[in-house]
Number of protein chains: 2
Amino acid sequence: MSEVESFFKSAFSVDNVIFGFDGGDLKVLLIQRGAAPYKGKWALPGDLVYPNEDLDTAAERVLEQLTGLRGVYLEQVKAFGAVDRHPLGRVITVAYFSLIKISDYTVTPASFAQSAKWHTVTKVGDLAFDHNEILESCLKKLRRKVRMTPIGFELLPPKFTLTELQQLYESILIPPKSKKRIDKRNFRKKILSTNLLHDLNEVQEGVAHRPAKLYRFDRNKYEQLIAEGYSFDI
Amino acid sequence: MSEVESFFKSAFSVDNVIFGFDGGDLKVLLIQRGAAPYKGKWALPGDLVYPNEDLDTAAERVLEQLTGLRGVYLEQVKAFGAVDRHPLGRVITVAYFSLIKISDYTVTPASFAQSAKWHTVTKVGDLAFDHNEILESCLKKLRRKVRMTPIGFELLPPKFTLTELQQLYESILIPPKSKKRIDKRNFRKKILSTNLLHDLNEVQEGVAHRPAKLYRFDRNKYEQLIAEGYSFDI
DNA sequence: CTGCTTTGGTGTAAAAAAAACAATAAGCTT
DNA sequence: AAGCTTATTGTTTTTTTTACACCAAAGCAG
């Protein structure tokens, strides 16, 4: 094999860290590998990139094949390219994370034979390949990004309460061991002062306590503010 | 050609955005392409990744071949993988940026035939491939990172004045058209309050005005503070 | 229907951080 | 010695962040 040929004995893949939020913890959707290498281990959903496929498109495809969802929030994080990261050959992978509303996910569509399951991010065990490292990178990027742009709402249903929103931020931002929480009054003051939440004049139903008001994220307002030089910060 | 084979008719490269600072503007080191495609155009230095080479190692190698420098600040930004980004085939590239002290760079070592030249980042013209997009991404990451970690010092000589440091921050952070500058007193107050600058008790020599005091970045102090939970922010 | 339990909702004061702002100092040049 | 250029230094005002506690509204148990 010539040296030039050997440059092409390699492949690239994408791996997708799919985040969800169940009201309590931040979750990540993992699949259990059905074949070697790492058979039986939990892993990030991913696939080789087709020859005529953009990286972003490949990541969207992986997401859609697993969840049936399209048009969700998806962002590249970085490439992982250690020589020995894949036992069967040289495979560079590009990591993405996506944010979905966990209720939109209907368990295990036929297209994927592997069993997929939500795992609490703080409790995923030992994953296949370098997927623990990839997950860690994606989490770090999510933590940074969720404070600088209003992407947290991608994880919530269209109508939500301020308490749900706060729990979402806490599940992402508060280190597992820390027992500190975000101050309720300060959080509400800050988030409402952005004027990005639309009060729906509705309340929760069927809860065994005072029902909370429901809000909606006002995307149009956000686009408009952005155009005026606004920058989200929470 | 089987479908499996076609997955391997592809290659990966690294491209390196090498930043420097000359006391006035933020600069980027570009090479003029000597061969097709884009012959004669300015481009980011880069190369295919060797089969047994980690991505990071490839980026270090590109940097060293061009500048002779090792052990400088280097950071991956992201992968660029549009199908048509390379006219000769499917090449995914991983972008890095590095920060070097411009005075350490001795022009065009023999190893690189191409002519290399520093360009003011705000005045690079139309680059080869998708290199304008890559440069833009790296700049964005540099702008974010330079405020969160003390990497600016990588661009300065070991001894520097506070005015030089301020000009560095301005060259990176102030948008080209904006005429606002950073407030001198506030900048000095803030940077000195970190206690990361060591006053060398020396002053500039041979300047036709009041000489400024020289400082050194105290890396040990920084490591120590980091261990205590400190986080840089300017 | 009464009271208990649970979570929702609200304002103010103190502290800290950021922003605005101008006069004197020190070296060199002429 | 006067003039030019850049260096150095503090205070006040404004804004942002933090800390903190009580009443409200619903379902539930008795």
Side-chain angles (χ1 to χ4, degrees), chain A residues 21-24 146-148 156-157 159-171 173-174 178-216 225 229-234, chain B residues 22-24 146-148 156-157 159-171 173-175 178-216 225 229-234:
Chain A
F21 177 67
D22 70 352
V146 80
R147 301 201 299 141
M148 290 170 27
L156 290 177
K159 299 177 181 186
F160 51 84
T161 69
L162 293 183
T163 299
E164 285 166 352
L165 185 61
Q166 178 172 349
Q167 283 168 341
L168 169 64
Y169 274 92
E170 286 175 346
S171 75
L173 296 174
I174 310 271
S178 167
K179 282 192 175 80
K180 285 172 194 153
R181 307 254 322 274
I182 300 174
D183 181 271
K184 205 201 315 187
R185 278 180 285 194
N186 291 338
F187 177 79
R188 292 159 104 93
K189 209 184 311 170
K190 203 162 170 185
I191 199 78
L192 289 174
S193 76
T194 64
N195 278 102
L196 291 172
L197 294 194
H198 185 235
D199 184 340
L200 291 167
N201 292 317
E202 295 175 53
V203 293
Q204 285 179 310
E205 280 173 29
V207 287
H209 53 78
R210 174 172 176 177
K213 295 209 278 183
L214 292 170
Y215 292 85
R216 181 175 61 74
L225 285 175
Y230 167 79
S231 101
F232 184 86
D233 178 38
I234 206 72
Chain B
D22 70 353
V146 81
R147 302 201 298 142
M148 289 170 27
L156 289 176
K159 300 176 180 187
F160 52 84
T161 69
L162 293 183
T163 301
E164 285 165 353
L165 185 60
Q166 178 171 349
Q167 282 166 343
L168 169 64
Y169 274 92
E170 286 174 345
S171 76
L173 296 175
I174 310 270
S178 167
K179 280 189 177 85
K180 283 170 197 156
R181 307 252 324 273
I182 299 174
D183 181 272
K184 206 199 315 188
R185 278 179 285 192
N186 292 337
F187 177 79
R188 292 160 103 94
K189 209 183 311 170
K190 203 162 172 185
I191 199 81
L192 288 175
S193 76
T194 65
N195 277 102
L196 291 171
L197 295 194
H198 185 235
D199 186 339
L200 290 166
N201 291 317
E202 297 176 49
V203 293
Q204 286 179 308
E205 280 173 28
V207 288
H209 54 78
R210 174 172 178 177
K213 296 208 278 184
L214 293 170
Y215 292 85
R216 182 174 62 74
L225 286 176
Y230 168 78
S231 103
F232 185 85
D233 179 38
I234 205 77

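First the proteins, then the strands, lettered A, B, ... as listed; each starts at 1. Only heavy atoms go into these numbers, but all of them, side chains included; no hydrogens, no water, no symmetry mates. The shown structure was predicted, so the numbers you read here are calculated from the model rather than taken from an experiment.
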task = Sequence neighbours left out, what passes ring-ring contact (aromatic ring centres under 6.0 Å, His included) with A:Y215? Give chain and number order.
result = none
Interface polar pairs with nucleotides 10-15 of chain D, N/O, under 3.5 angstrom:
unit_1	atom_1	unit_2	atom_2	d
D:dT11	O4	B:K189	NZ	3.0

message = The criterion is ring-ring contact (aromatic ring centres under 6.0 Å, His included); which residues satisfy it with A:F21, sequence neighbours excluded?
response = none
remark   = From CD of B:E164 across to C1' of D:dA7 the rounded distance in Å is 13 Å
task = List for me each residue that meets salt bridge (charged side-chain N to carboxylate O under 4.0 Å, His left out) alongside B:K189, sequence neighbours excluded, and say none if there are none.
result = none
query = Please give, in whole Å, the distance from D:dT6 P to B:R181 CZ?
reply = 11 Å
Using the 3.5 Å cut-off, write out each protein N or O paired with an N or O of nucleotides 25-30 of chain D and the distance between them.
unit_1	atom_1	unit_2	atom_2	d
D:dA25	N3	A:R210	N	3.4

inquiry  = Less than 4.5 Å apart, side chain to side chain, heavy atoms only: is that true for B:V146 and B:I234?
reply    = no
inquiry  = Taking any heavy-atom pair under 4.0 Å as a contact, classify B:K184: base, sugar-phosphate, or nothing.
reply    = base
request  = Go through the steps to decide whether A:N195 and A:Y230 satisfy the test side chain to side chain contact (heavy atoms under 4.5 Å, CB included), and finish with yes or no.
outcome  = CA-CA 12 Å; A:N195 278 102; A:Y230 167 79; over 6 Å; no
Under the side chain to side chain donor-acceptor pair (under 3.5 Å) test, residues paired with A:K190 that sit two or more places apart = none
query = By side chain to side chain donor-acceptor pair (under 3.5 Å), which residues pair with B:Q166, not counting sequence neighbours?
reply = B:E170
inquiry  = Can you give me the first and the last nucleotide of DNA chain C (5' to 3') that has an atom within less than 4.0 angstrom of a non-hydrogen atom in chain B?
reply    = C:dA19 to C:dC28
request  = Applying salt bridge (charged side-chain N to carboxylate O under 4.0 Å, His left out), name anything that partners B:D22, two or more places apart in sequence or on another chain.
outcome  = B:K27
request  = Grab the CG-P distance between B:L197 and D:dA7 for me, whole Å please.
outcome  = 16 Å
inquiry  = Taking side chain to side chain donor-acceptor pair (under 3.5 Å) as the definition, give me every residue that meets it alongside B:H198, ordered by chain and number, with sequence neighbours left out.
reply    = B:R216
inquiry  = Going by salt bridge (charged side-chain N to carboxylate O under 4.0 Å, His left out), name the residues that satisfy it together with A:D199, two or more places apart in sequence or in a different chain.
reply    = A:K213
key: For atom CZ of B:R188 and atom P of D:dA7, their distance in whole Å   = 7 Å
request  = Remember a base hit wins even if backbone is also touched, and classify A:T163 as base, sugar-phosphate or nothing at under 4.0 Å, heavy atoms.
outcome  = sugar-phosphate
note = Hits for ring-ring contact (aromatic ring centres under 6.0 Å, His included) against A:F232, two or more places apart or cross-chain, chain-then-number order -> none
